[in-house]
Amino acid sequence: MLTRTRTRVRTRAASAWWRGAAAVGAGALSALAFPAPSLWWLAYVALVPWMLLLRTAPSGRRAALEGWLGGLGFMLAVHHWLLPSLHVFLVVLGALLGLLWAPWGLLVRYALGGAPSGSRALVAVAVLPSGWLMVELVRSWEGLGGPWGLLGAGQWEVAPALRLASVGGVWLVSLLVVAVNTALALLVAVARARTAAVVALVACGVAVGSVAAWAPRPESSGRVRIAVVQPGVVAPGVVGGADSVERRFARGEALTRTLAGQGADLVVWGESSVGADLAARPDLAARLAVLARSAGAPVLVNVDARATDAAGRSGIFKRAVLVGPEGPTGDVYDKMRLVPFGEYVPARAALGWVTSVGKAAGEDRRRGTGQVVMVLPGEGRGGLRLGPLICFETAFPDMSRRLVRDGAQVLVAQSSTSSFQGSWAPEQHASLAALRAAETGRPMVHATLTGVGAVFGPDGERVGGALGTDRSAAAVFDVPPARGTTAYVRFGDWAVYGALAVLAAFCAVAGARSLRRPGPAPLVPPARTSHESAGRPVR
């Protein structure tokens with residue numbers, strides 16, 4: 001008897017370990033839909049193994065645990081390129097953020113567990129995507145890492161998905177992806193719900209087709225020639241080494257001179273392309289003005305240096321500065337959303353120790369106070385209005401939307417990613433520009449120090465070729481500005497509010513049913529009084 005008991009315990013333990021490992025792997029599978037692998041089609045089936053595991057969890061506690069483990073696997077897989085910078089702290093962050101999927105694990109077990117009927121299956125196709133979106137919404141907060149690796153972002157090359165983004169943003173694309181996964185999980189595992197699953201899949205297809213056919217498209221309004229200057233990885237030198245700011249500046253100068261006579265309307269340099277405040281270094285400002293005269297176009301540079309802003313605050317700013325033939329034009333934008341640990345340490349008093357185990361910021365950068373729309377000088381350009389974003393900010397849909405609502409005709413992003421050469425990060429970062437362009441109906445230019453540089457039109461389609469991480473070049477792109485307003489710019493995050501309403505209705509109905517459900521029968525017979533007996537019960 002004791003031997004049998006021990007065998008059962010060992011079997012259960014082995015099963016628990018197997019299920020835990022399977023949850024981590026199943027959660028990580030979706031990362032392959034993002035660049036660099038870019039297996040976009042995998043996103044529509046990648047959640048199915050995880051869902052099938054969660055629906056068979058022996059208890060709610062186990063479902064929550066496997067939801068957490070799957071979230072851990074997802075976060076580590078999507079952000080694995082941060083490991084050289086954060087070391088073991090990446091695992092800690094992944095474990096903390098993975099907790100966001102624990103309630104989703106419970107929700108999957110509740111909605112898909114057992115043998116759901118057709119009506120319950122259709123409810124699951126609406127509820128589970130909504131629950132997933134709440135996880136994405138919470139972790140999109142800047143302090144938790146921002147909206148990097150949203151499931152819908154893996155569809156940046158799929159034209160129908162980009163059309164969907166123009167209506168409801170990347171949020172609507174994420175809802176579609178999870179809805180398809182839910183329907184496929186039902187199709188595979190629940191025989192009595194297969195008809196409902198097929199209906200849900202057809203509905204998803206009809207919705208995407210309808211949006212692709214009838215959603216308003218941006219109207220092109222001519223062409224503007226924008227040059228992207230990418231110095232690439234600067235070879236080691238005597239002064240400053242491979243990352244020498246002076247050597248990078250000199251390389252940017254040399255590349256910009258090659259643009260003379262090419263009819264550029266704007267020249268864009270990448271993030272941290274200038275290492276000193278132009279107000280404190282008039283010699284650098286003068287050299288940039290010479291370049292603007294040579295290229296026949298203003299130069300948008302990015303200063304990463306200690307400076308003072310218009311409000312008199314001092315510190316290190318990431319600053320986009322427009323420089324014309326006569327020098328800085330006065331158009332300046334200071335980066336507002338900073339990279340946690342990379343540009344500031346949240347709660348530095350408590351977490352400052354991470355600087356000793358990784359490449360966390362030794363000093364917090366200062367935040368800008370508001371977004372800015374810049375106007376190009378010169379009559380021939382017709383006062384083209386630019387919406388600048390810096391690096392990490394391209395991950396936030398609301399920032400590009402606000403710039404377009406404020407009148408931006410072209411979105412321009414300056415980024416670096418030089419710390420992550422040879423990883424998936426440069427391709428992932430560039431792909432975000434396609435989504436922001438499709439959401440807003442405005443073209444987007446993504447200029448970097450070391451690649452990937454890319455330009456996307458107002459439909460999110462690529463314009464010209466990309467500048468890969470192995471390139472040191474200056475390239476001119478014919479960018480099509482556009483008019484009109486997309487549904488996402490006009491109505492904003494309605495898909496998020498819709499998901500919240502679905503979850504609220506689901507919780508209300510589930511709560512009402514639990515209140516109406518009769519309580520459990522008593523486990524023991526009622527006690528008899530001293531005046532009753534089996535033969536003479538009290539009436």
Side-chain angles (χ1 to χ4, degrees), residues 224-231 245-310 316-335 368 371-391 393 403 408-416 445-449 453 455 473-477 479:
V224 59
R225 291 176 62 79
I226 298 180
V228 172
V229 173
Q230 181 173 296
V245 176
E246 289 293 336
R247 290 174 62 80
R248 188 163 57 219
F249 187 95
R251 181 59 181 159
E253 272 185 310
L255 291 171
T256 304
R257 290 192 194 101
T258 67
L259 298 172
Q262 296 194 40
D265 297 308
L266 173 69
V267 179
V268 184
W269 287 20
E271 181 188 18
S272 304
S273 49
V274 179
D277 180 21
L278 295 181
R281 290 286 303 275
D283 58 317
L284 294 181
R287 287 163 68 181
L288 290 169
V290 169
L291 291 177
R293 292 194 293 271
S294 172
V299 183
L300 183 67
V301 299
N302 191 273
V303 178
D304 184 358
R306 195 172 300 279
T308 303
D309 68 357
I316 301 176
F317 290 88
K318 290 282 187 78
R319 175 171 292 174
V321 181
L322 190 62
V323 181
E326 307 302 322
T329 65
D331 282 329
V332 170
Y333 167 65
D334 291 328
K335 186 176 183 181
Q371 291 187 261
V372 174
V373 174
M374 299 180 176
V375 181
L376 286 191
E379 297 180 2
R381 299 172 190 94
L384 185 72
R385 297 170 67 84
L386 305 175
L389 296 165
I390 301 175
C391 193
E393 293 177 332
L403 285 170
Q409 296 168 285
V410 176
L411 300 173
V412 180
Q414 298 171 299
S415 69
S416 173
V445 177
H446 184 255
T448 75
L449 292 180
V455 177
V476 181
F477 298 85
V479 181

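Residue numbers run from 1 in the order of the sequence given. This one's a predicted model, so the numbers in the text were calculated from it and none came from an experiment.
Salt bridge K335/E393: absent, no basic N to carboxylate O contact under 4.0 Å. Here R225 does not pair with D265 in a salt bridge; the nearest charged N to carboxylate O distance is not below 4.0 Å.
Of the candidates V303, D304, D334, K318 forms a side chain to side chain contact (heavy atoms under 4.5 Å, CB included) with just one, namely D304.
Note: L284 CG to E253 CD = 8.5 Å, rounded to the nearest 0.5 Å. A distance of 9.5 Å separates CG of L278 from CG of D283, quoted to the nearest 0.5 Å. The CG atom of L300 lies 11.0 Å from the CG atom of L288; values are rounded to the nearest 0.5 Å.
Of all heavy-atom pairs spanning A297 and V267, the tightest one is CB-CG2, 4.4 Å. Here the closest heavy-atom approach between residue P325 and residue R293 is recorded as O-NH1, 2.5 Å.
With a 4.5 Å cut-off on side-chain heavy atoms, N302 and I390 count as touching. Annotation: side chain of L376 is not in contact with side chain of D331 (no heavy-atom distance under 4.5 Å). Using a 4.5 Å heavy-atom cutoff, the side chains of V321 and W269 are not in contact. Residues S294 and T256 have side chains not in contact (no heavy-atom distance under 4.5 Å, counting atoms from C-beta outward). Counting heavy atoms from C-beta on, the side chains of P388 and Q414 never come closer than 4.5 Å.
Under a 3.5 Å cut-off, the side chain of R248 and the backbone N or O of S272 do form a donor-acceptor pair.
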